[in-house]
Amino acid sequence: MKRKIAAAAALATVLTAAACSSSATTTNTGSQGALSIDGKGKTVTVWIMQDAQKGWPDVVAAAKAQFEKETGATLKIEWQNWTNYSTKLDTALLSGNAPDALELGNTQTAKYIAANSFVDLTSVKTKFDNSSTWLDSLAASGQSADHSKTYAVPYYAGARVLIYRKDLFAAAGVTAAPTTLDELTADLDKVKAKNASVPNFSALYLPGKNWYTAVSFGAGSFGVDGVIAKSDGTKFTGTLTDPNFIKGIQTWADLQKKYSVGGTTVDESNQDALMAKGNIAGIVGNGWEVGSVTDPKTGDPSLAPKLATIALPGATAGAPTPAFLGGSDLAVPTHAANPGLGAEFLRIFTNTAQQTTLTKYAIPNNKTLVPAFQAASPANKAAGDAANGKTWFIPNSPFWSQTSDEVALQTAFSNIATGKDATTELTTAQTAILADLNGG
């Protein structure tokens, strides 16, 4: 879920001040959270993305009804969209005209935590249902860098999976889904050989600039937030040049070289449309990309019964390659008029009842309910397996930059895909990323 994080100049000033004591790890000293049900005569305003309005309005309606009944307050939902949302957040959180609770992308959260923009919910975290089993990466995105404090609550997640043409695999003699990378490689050999006469055929299409997939192959030896870089509380150190990370990236590079035709210098943005043309047997993408491949306007609907998804296999069966976990968080602004009521709405909105209903539409915020998500549809099994397995997230720092750090990774992996040395390329990327993370 790639959402543009455009930091306004005013917020940048706040971030600089907030981080002056430590460029690597910032400490939010905002107000402490408390739950409140004293809402009689009050109006509580909440910003929620239109994804929910269009996708799961029943979840919102049920939470609204419960909240108004239990607190006596009137809940006002203001629907938002992702376009220019960062700019709107910057303005609202700095001006003091913030809502009482809001949704934001999990890649947006860190900079607002560093700017003291959110209420500290640590003391009431245990009041939130299933908080002990929140999805690791999603929970980490709403925490302080040392994970001692919680400022945002996980809402829902999305995970990348292997999307493949089961008809092409079957035609090549592969009738069972691979459970390990070795099995996947053996299967891809068969699919590639069977389609040797098809022009520009990719048994597995891996765009060089798709850093989300590439990093996943190197992530297995690290914790949730130890991938790419890790903080010791004083500064960030890089992990891109760790021998275990390099080994994983070499596996990715070997797959890219052997099974992917073209795409070494492009990203994943058009891989769905390319797969719809018929000469790609597999891609790594978000589960919803199946719908894009089969879209009547931009894809090929006839492929719908021919597609299958599994969690991208790892070195051993039952342990998928770690997936990047995108999604949304929920937070209470420091300057909210009714912070206690805002926190209470988030508690209700993410309780077991609402999250259970949400499993019909999206990956819930906790591992306890992932089986319910998988049971809702056979198509959900792969994403559920990926989310329930080992996952990873970008360094939890306000200084992470899409315009420099993500580009550094795209450049490195694109160069590796064209045959350049992995250690050299990742050293260059690591130097650039650490300069950002450590305020250089």
Side-chain angles (χ1 to χ4, degrees), residues 25-39 44 46-48 59 63 66-67 70-71 93 98-157 223-225 231 233 325-336 338-356 358-359 362-370 387-388 391 393 396-398:
T25 305
T26 56
T27 302
N28 184 307
T29 56
S31 59
Q32 297 293 308
L35 302 173
S36 173
I37 58 172
D38 182 17
V44 175
V46 178
W47 288 1
I48 299 177
V59 177
Q66 182 179 344
F67 174 78
E70 292 185 5
T71 67
L93 294 175
D100 297 304
L102 56 80
E103 174 186 353
L104 73 167
N106 65 338
T107 58
Q108 296 175 304
T109 309
K111 70 172 184 176
Y112 295 113
I113 292 175
N116 300 326
S117 297
F118 295 147
V119 169
D120 181 352
L121 298 174
T122 307
S123 64
V124 295
K125 175 185 173 183
T126 57
K127 303 294 184 181
F128 285 74
D129 287 358
N130 305 303
S131 60
S132 63
T133 64
W134 280 344
L135 298 176
D136 297 335
S137 296
L138 203 59
S141 69
Q143 296 170 346
S144 55
D146 63 1
H147 304 300
S148 64
K149 300 288 185 180
T150 294
Y151 296 96
V153 177
Y155 176 14
Y156 71 92
V224 170
D225 61 347
S231 173
L325 206 62
S328 280
D329 292 330
L330 300 162
V332 177
T334 303
H335 298 301
N338 303 289
L341 288 166
E344 176 64 11
F345 173 75
L346 297 187
R347 187 192 67 79
I348 292 172
F349 191 40
T350 59
N351 67 17
T352 298
Q354 319 313 345
Q355 285 280 309
T356 299
L358 183 65
T359 61
I363 301 173
N365 70 358
N366 66 89
K367 293 184 178 182
T368 302
L369 292 177
V370 166
N388 242 359
T391 58
F393 193 62
N396 202 15
S397 166

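Note that the numbering runs from 1 along the sequence shown for the chain.
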Any chance you could lay out the side chain to side chain contact (heavy atoms under 4.5 Å, CB included) test for Tyr155 and Ile48, step after step, and finish with the verdict? CA-CA 11 Å; Tyr155 176 14; Ile48 299 177; 4.2 Å; yes
After noting the C-alpha distance and the side-chain angles of Asp136 and Lys367, does the key distance pass the side chain to side chain contact (heavy atoms under 4.5 Å, CB included) rule? CA-CA 9 Å; Asp136 297 335; Lys367 293 184 178 182; 3.3 Å; yes
Using the rule given for side chain to side chain contact (heavy atoms under 4.5 Å, CB included), can you reason through Asp120 versus Tyr151, listing the C-alpha separation, both sets of side-chain angles and the distance that settles it, and then say yes or no? CA-CA 5 Å; Asp120 181 352; Tyr151 296 96; 3.5 Å; yes
Could you go step by step and tell me if Val370 and Leu135 meet the side chain to side chain contact (heavy atoms under 4.5 Å, CB included) rule? CA-CA 10 Å; Val370 166; Leu135 298 176; 4.3 Å; yes
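Phe349 is not listed as a side-chain neighbour of Val153, based on a closest heavy-atom distance of 4.5 Å or more. No side-chain heavy atom of Trp47 sits under 4.5 Å from any side-chain heavy atom of Leu104. A 4.5 Å side-chain heavy-atom check between Leu102 and Pro333 finds at least one atom pair inside the cut-off. Within the 4.5 Å cutoff, side-chain heavy atoms of Leu341 are placed close to those of Ser36. Phe128 has its side chain within reach of Leu346: a pair of non-hydrogen atoms, C-beta onward, lies under 4.5 Å apart. When side chains are defined from C-beta on, Ile113 does not count as touching Asn396, because their heavy atoms never get closer than 4.5 Å. By the 4.5 Å heavy-atom criterion applied to side chains, Lys125 and Trp134 are counted as neighbours. You'll find the side chain of Thr107 reaches within 4.5 Å of the side chain of Phe393, heavy atoms only.
Between atom CG of residue Asn351 and atom NZ of residue Lys127 there is a gap of 14.5 Å, rounded to the nearest 0.5 Å. In this structure, Leu325 CG and Ile363 CD1 are separated by 6.5 Å, a value rounded to the nearest 0.5 Å. Put simply, CG on Asn365 and OH on Tyr156 are 12.5 Å apart, with the number rounded to the nearest 0.5 Å.
Of all the heavy atoms in Val332 and Gly342, the pair that sits closest is CG2-C, 3.9 Å. Minimum heavy-atom separation, Arg347 to Glu344: NH2-OE2, 2.8 Å. Shortest non-hydrogen contact noted between Ser117 and Leu93 is CB-CD1, 4.0 Å. Between Gly326 and Leu138 the shortest heavy-atom distance is O-CD1, 4.2 Å. Here the closest non-hydrogen pair linking Thr109 and Gly142 is CG2-CA, 4.1 Å. Nearest approach of Ala63 to Ile348, heavy atoms of both residues: O-CG2, 3.8 Å.
Checked by atom type and distance alone, the side chain of Glu70 never pairs as donor or acceptor with a backbone atom of Ile37 at under 3.5 Å. A donor-acceptor pair is defined here as one N or O able to donate and one able to accept, closer than 3.5 Å; such a pair exists between the side chain of Ser144 and the backbone of Lys149. Counting only distance, with no hydrogens or angles, the side chain of Thr391 and the backbone of Ala387 share no donor-acceptor pair below 3.5 Å. Distance alone, capped at 3.5 Å, is enough to place a donor-acceptor pair between the Asp100 side chain and the Asn338 backbone. With Ser328 contributing its side chain and Gly105 its backbone, the two residues share no donor-acceptor pair below 3.5 Å. Using modelled atom types, no side-chain atom of Thr150 and backbone atom of Thr122 make a donor-acceptor pair closer than 3.5 Å.
When each of Asn366, Thr368, Asn130 is tested with Thr352 by the rule side-chain hydrogen bond (donor to acceptor under 3.5 Å, both in side chains), just one qualifies, namely Asn130.
In this model, a donor atom of one side chain and an acceptor atom of the other lie less than 3.5 Å apart for Asp329 and Ser141.
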